[in-house]
Structure formats: C-alpha cells, structure tokens
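Written below as structure tokens is the structure these notes are about.
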Amino acid sequence: MTNHSISATKTALPKIAIIGGGLTGLFTATLLERAFNQGQNQQPSRSPHITIFEKSRSVGRLATRYRTNSTTGKNWQWAFGAQFFTAKTAPFQQFIKPWLVTGLLQPWYAQVVTLSPASVTKDENEALLNIEHKEQWNTQQPRYISTPKMTAWGRALADELAHTTIEFQTRVAPLTQYTKHEAGKKTELFDDTGTSLGWFDWVICTAPNAQAVDMMANSGFERQADITKPRMLACYTLMLGWDKEQPLPKALDNQPIAGWDVAYIKDSILDRVFVEHQKPARHELLPSITIHARNDWSEAHVDDDIDTVKAQLLEAAQQLLHWNQSNAPSQIDCHRWRYAATLVDAHDKDNYKVLGALIDRQHRWIVSGDWCAQGNIESCYQMAQEAVAAIVSY
C-alpha cells in the first residue's frame with residue numbers, strides 16, 4: 001500500500017472538507033486518517049479534522065434497491081449502480097484485503113454469455129434463444145462484489161472512520177463566495193441556504209464532473225477548464241423481479257446454458273443483464289435481474305420522460321427474454337443515472353490518458369473522482385491516493 005505519512009515535525013494539522021460521500025470521498029478520508037496516524041504514532045490528539053458533506057442520506061455510490069414480498073418475507077434486490085469492480089494494481093489489492101478476509105467483499109466467478117433478442121417461431125409461445133457461452137470470470141482477474149448488498153462496503157468504510165464527521169443531507173454551495181481567511185489560506189464553505197459550514201484548510205470536491213463544474217465556477221480554480229475534458233455518459237437501469245411461485249422465462253431458467261450470471265446483449269438498446277439471485281451470498285433472494293441500457297442510447301434519451309423510457313426498456317427486455325403472461329415479471333422499476341460512465345477509448349483503454357486529481361495548491365482545492373481516470377471503482381482509490389499525496393506533501 002502506498003505509504004503517505006505526516007511528518008512528526010508538523011504541528012498544525014489541517015482541517016479538511018470532502019464534498020461528496022461516494023467511494024472517492026470515503027477512500028480519501030480513509031487514506032487521510034491512515035496517513036496522519038502513521039506519522040503521529042497513532043496519537044488520537046494528532047488526528048486530522050475531516051468532514052464529509054453528503055447531499056443524500058447515505059454513503060457510497062454502490063447503489064442497491066430492494067423490495068420485500070409481504071407473503072414470503074423474502075427480498076428482491078438489484079445492484080442498480082456499479083455491479084462489480086476489479087483490483088488490477090498492487091496498492092488497491094492490498095487496500096481491499098481486510099474486507100476480503102471478513103467476507104464483506106467476495107470474488108464473483110460469473111458465467112458470461114452473449115444474448116440476442118429471441119426469434120419467435122410459428123408457435124408464438126416458443127422462441128429460439130440466441131445464446132452463446134462467452135467466458136467465465138476467473139481468479140486471474142477477479143471481479144469483486146460487496147455482500148450482502150453492494151452498499152455494504154461503503155457503509156463499512158464510513159463506520160470505520162475514526163476521526164471523520166459525515167454531515168448528511170447537506171448541499172454545499174458553489175465556491176463563488178471564497179474569502180481569504182485573515183489567518184491564512186482557508187476557505188469558508190456554505191450550504192445551499194447560505195449557512196456557514198466552517199473554515200477549512202483544504203477542500204476536496206469529489207462530485208461528478210458536471211456538478212464539479214458548477215461547484216467551482218467563478219471561484220478562480222486554476223484547473224477549471226480541465227473539469228470539462230472527460231465526457232460523461234448516462235445510463236438507464238431496468239430492474240425486474242419474479243415471485244417465488246412464478247415460472248421464469250426460458251432464457252433465465254437455466255436453459256440452454258446452465259446457470260449463466262451475466263449476459264452481453266447484441267442487436268438491442270440493452271447492454272448487459274445481471275442475474276442478482278445467483279451472485280455469491282444472494283441465495284435467499286427472490287429471482288431478480290438488473291439490466292443496463294447502452295450508454296449511447298441512454299445519453300440520447302437522458303431527458304425523456306422516465307415512464308416512456310421504462311416502457312421502451314421493458315419492451316426490449318421482453319424481446320430479449322421472451323416472457324408471456326404467465327412468466328412476466330411482477331416487479332418492475334427503472335432508474336436514470338445522468339453521470340454513469342466516463343467515455344474511454346474502447347480500443348486503447350490501457351493507454352487512455354487520464355487527467356488525474358486536479359490540484360490547485362494556491363487555494364488548497366482539489367477536484368477528483370473516478371471520472372478523472374478510467375471511470376471505475378479502482379479509479380476512485382487512485383484519485384484518493386493523489387489527493388492525499390498532495391496534502392501531506394504541502
């Protein structure tokens with residue numbers, strides 16, 4: 001793990017604000033606490049003053065939605081944000097080890113197929129499934145999930161923060177009212193009602209780039225132009241569930257390829273299907289699947305009426321899985337992510353030139369997030385590393 005530590009000769013510990021309680025914000029707070037504690041021999045009195053301002057009521061971007069069947073008491077569950085993550089670099093592999101030991105994080109060795117919309121035969125109750133085996137995710141490059149739901153890791157990260165305060169349902173106003181503190185380079189933050197949130201030595205904004213543009217507008221942030229360089233794409237997510245007593249569509253009922261977990265979709269506005277109830281530690285779930293629409297299609301329809309979009313996605317899902325009245329899903333939901341994916345050159349992902357954390361040392365402001373790199377969860381960690389390195393080396 002990268003070792004950022006604070007020198008014991010530094011007497012003034014900074015007061016740090018982190019805007020956004022997603023994974024980038026949580027990773028940043030975690031690494032900051034470790035850096036300060038390593039440098040001060042674990043003395044609590046020498047710990048940093050960190051505050052995370054989160055506009056929602058919970059932390060972590062690994063969104064999960066669930067509903068309970070009142071008859072059976074069992075849940076449907078959908079990971080409608082990030083489905084999984086990888087750990088390709090040694091520092092991140094080291095970072096996640098404690099949660100792998102406890103089982104909160106687990107590898108997911110999914111069976112992956114390609115699937116095309118079903119071809120209807122003369123008997124409209126039958127369909128020719130266009131399904132082919134693609135691969136099985138394996139130990140050489142594991143995909144990881146959080147259990148028992150994807151939000152569990154974010155909550156665990158928050159619970160383990162010893163010297164960080166999280167202020168929920170707090171919207172930080174843009175930094176246009178920046179005023180130099182008479183005692184030095186400090187920034188006063190305000191909420192959206194104009195109430196002061198306090199003075200801070202460092203401010204780290206981890207919002208999506210479109211929101212970061214507004215947050216830093218007219219503030220004098222020296223990297224302002226760079227915030228708009230990455231292009232973010234939207235994603236619609238369709239969530240479907242079946243009752244315990246219902247038959248499943250043939251494509252989901254372990255036919256013709258037994259137990260597939262992930263499907264890449266061809267010739268459709270849909271992109272991928274994830275079978276939730278077959279993931280590790282999900283065996284108690286009712287049949288639940290999450291379907292992501294293609295990013296390009298989602299971006300083109302990002303401002304459409306959500307019910308209209310849901311109807312279009314549902315029609316595409318029915319063509320893909322070919323259900324009828326007896327095995328149609330009983331639970332249907334749809335979610336829109338405006339800033340879901342960072343557009344990366346699909347033909348040259350390994351050489352994609354990332355921005356990195358955007359650092360303004362004069363103001364002591366940092367803008368970071370997964371969109372500053374590859375747009376994945378490991379990017380959140382890498383940007384947190386860069387932010388912490390900038391602060392401890394100041």
Side-chain angles (χ1 to χ4, degrees), residues 1-6 16 18 20-40 42 47-48 50 52 54 58-64 79 81-109 137-164 166 202 204 206 280-281 342 350 354-357 359 366 368-393:
M1 183 182 299
T2 302
N3 181 16
H4 300 307
S5 61
I6 297 295
I16 302 166
I18 299 174
L23 287 183
T24 304
L26 293 171
F27 289 161
T28 303
T30 299
L31 295 181
L32 278 169
E33 287 195 359
R34 292 179 181 180
F36 278 85
N37 285 332
Q38 287 170 5
Q40 298 299 335
Q42 306 295 327
S47 297
I50 305 169
I52 296 176
E54 169 54 42
S58 60
V59 292
R61 192 183 176 191
L62 302 178
T64 303
Q83 278 281 333
F84 60 87
F85 67 93
T86 57
K88 297 181 179 180
T89 61
F92 192 48
Q93 291 167 2
Q94 185 69 22
F95 180 78
I96 69 174
K97 272 187 178 181
W99 297 284
L100 289 171
V101 171
T102 64
L104 188 146
L105 298 180
Q106 294 189 24
W108 182 21
Y109 303 124
W137 292 341
N138 54 45
T139 56
Q140 292 181 341
Q141 184 54 72
R143 277 77 167 177
Y144 298 101
I145 64 170
S146 173
T147 63
K149 58 185 68 173
M150 287 300 283
T151 52
W153 191 26
R155 290 173 181 172
L157 284 162
D159 289 343
E160 292 171 18
L161 291 171
H163 310 293
T164 299
I166 303 179
W202 286 89
I204 306 170
T206 67
T342 304
D350 293 336
V354 302
L355 282 174
I359 301 166
I366 300 174
S368 71
D370 61 354
W371 55 270
C372 292
Q374 296 278 353
N376 53 31
I377 289 174
E378 188 161 8
S379 296
C380 297
Y381 178 79
Q382 292 167 339
M383 295 306 98
Q385 281 186 306
E386 292 189 15
V388 172
I391 292 172
V392 302
S393 64

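Remember, it's a predicted structure, so these values are computed and weren't measured experimentally.
Separating the OG1 atom in Thr28 from the OH atom in Tyr381 is a distance of 10.5 Å, to the nearest 0.5 Å. Residue Arg143 holds its CZ atom at 13.0 Å from CD of Gln83, rounded to the nearest 0.5 Å. Atom CD1 of Ile204 sits about 5.5 Å away from atom CG of Leu32, to the nearest 0.5 Å.
Listed for the Glu378 side chain is a donor-acceptor partner under 3.5 Å among the backbone atoms of Thr89.
What you find for Cys372 and Met383 is that their closest heavy atoms are CB-SD, 3.6 Å. When all heavy atoms of Gln141 and Lys88 are compared, the closest pair comes out as OE1-CG, 3.6 Å. The two atoms that bring Ala384 and Thr24 nearest to each other are CB-O, 4.1 Å, heavy atoms only. The two atoms that bring Val354 and Ala373 nearest to each other are CG1-CA, 3.4 Å, heavy atoms only. Residues Ala158 and Val59 approach most closely at CB-CG2, 3.9 Å, considering heavy atoms. The minimum heavy-atom distance linking Gly20 with Thr206 is given by the pair O-OG1, 3.3 Å.
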Going by atom type alone, with no hydrogens or angles, which donor-acceptor pairs under 3.5 Å involve a side-chain atom of residues 98-106 and a protein atom two or more places apart or on another chain?
from, atom 1, to, atom 2, distance (Å)
Trp99, NE1, Glu160, OE2, 3.2
Thr102, OG1, Trp99, O, 3.1
Thr102, OG1, Leu104, N, 3.4
Gln106, NE2, Gly103, O, 3.2

task = Apply the test side-chain contact (heavy atoms from CB on, under 4.5 Å) to residues Asn37 and His163: give CA-CA distance (whole Å), side-chain angles for both, the deciding distance (0.1 Å), then the verdict.
result = CA-CA 10 Å; Asn37 285 332; His163 310 293; 3.8 Å; yes
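The shortest side-chain heavy-atom distance between Leu23 and Asp370 does not fall under the 4.5 Å cut-off. Side-chain contact check for Ile50 versus Leu161: every heavy-atom pair is 4.5 Å or farther apart. Under the 4.5 Å side-chain criterion, counting only non-hydrogen atoms from C-beta, Thr164 is not in contact with Ile18. Counting heavy atoms from C-beta outward, Thr30 and Phe95 have side chains that approach closer than 4.5 Å. Ser368 is not listed as a side-chain neighbour of Glu386, based on a closest heavy-atom distance of 4.5 Å or more. Using a 4.5 Å heavy-atom cutoff, the side chains of Ile145 and Met150 are in contact.
With sequence neighbours left out, the side-chain contact (heavy atoms from CB on, under 4.5 Å) criterion links Thr151 to Thr64, Lys149, Arg155. Every residue two or more places apart in sequence or in another chain that forms a side-chain contact (heavy atoms from CB on, under 4.5 Å) with Ala390 is listed here: Ile359, Arg361, Ile366. In this structure, Thr86 has no side chain to side chain donor-acceptor pair (under 3.5 Å) partners at least two apart in sequence or on a different chain. Glu54 meets the side chain to side chain donor-acceptor pair (under 3.5 Å) test with Ser56; sequence neighbours excluded. Residues satisfying the ring pair (Phe, Tyr, Trp, His ring centres under 6.0 Å) criterion with Trp108, sequence neighbours excluded, are Trp137. Evaluation of the side chain to side chain donor-acceptor pair (under 3.5 Å) rule for Thr147 yields no partner, not counting sequence neighbours. Residues meeting the side chain to side chain donor-acceptor pair (under 3.5 Å) test with Ser379, sequence neighbours left out: Asn376.
Separation of the Trp153 and Tyr144 ring centroids does not fall under the 6.0 Å cut-off.
Aromatic ring pairs are classed by plane angle as parallel below 30°, tilted from 30° to 60° and perpendicular above 60°; the pair Phe27 and Phe92 is perpendicular.
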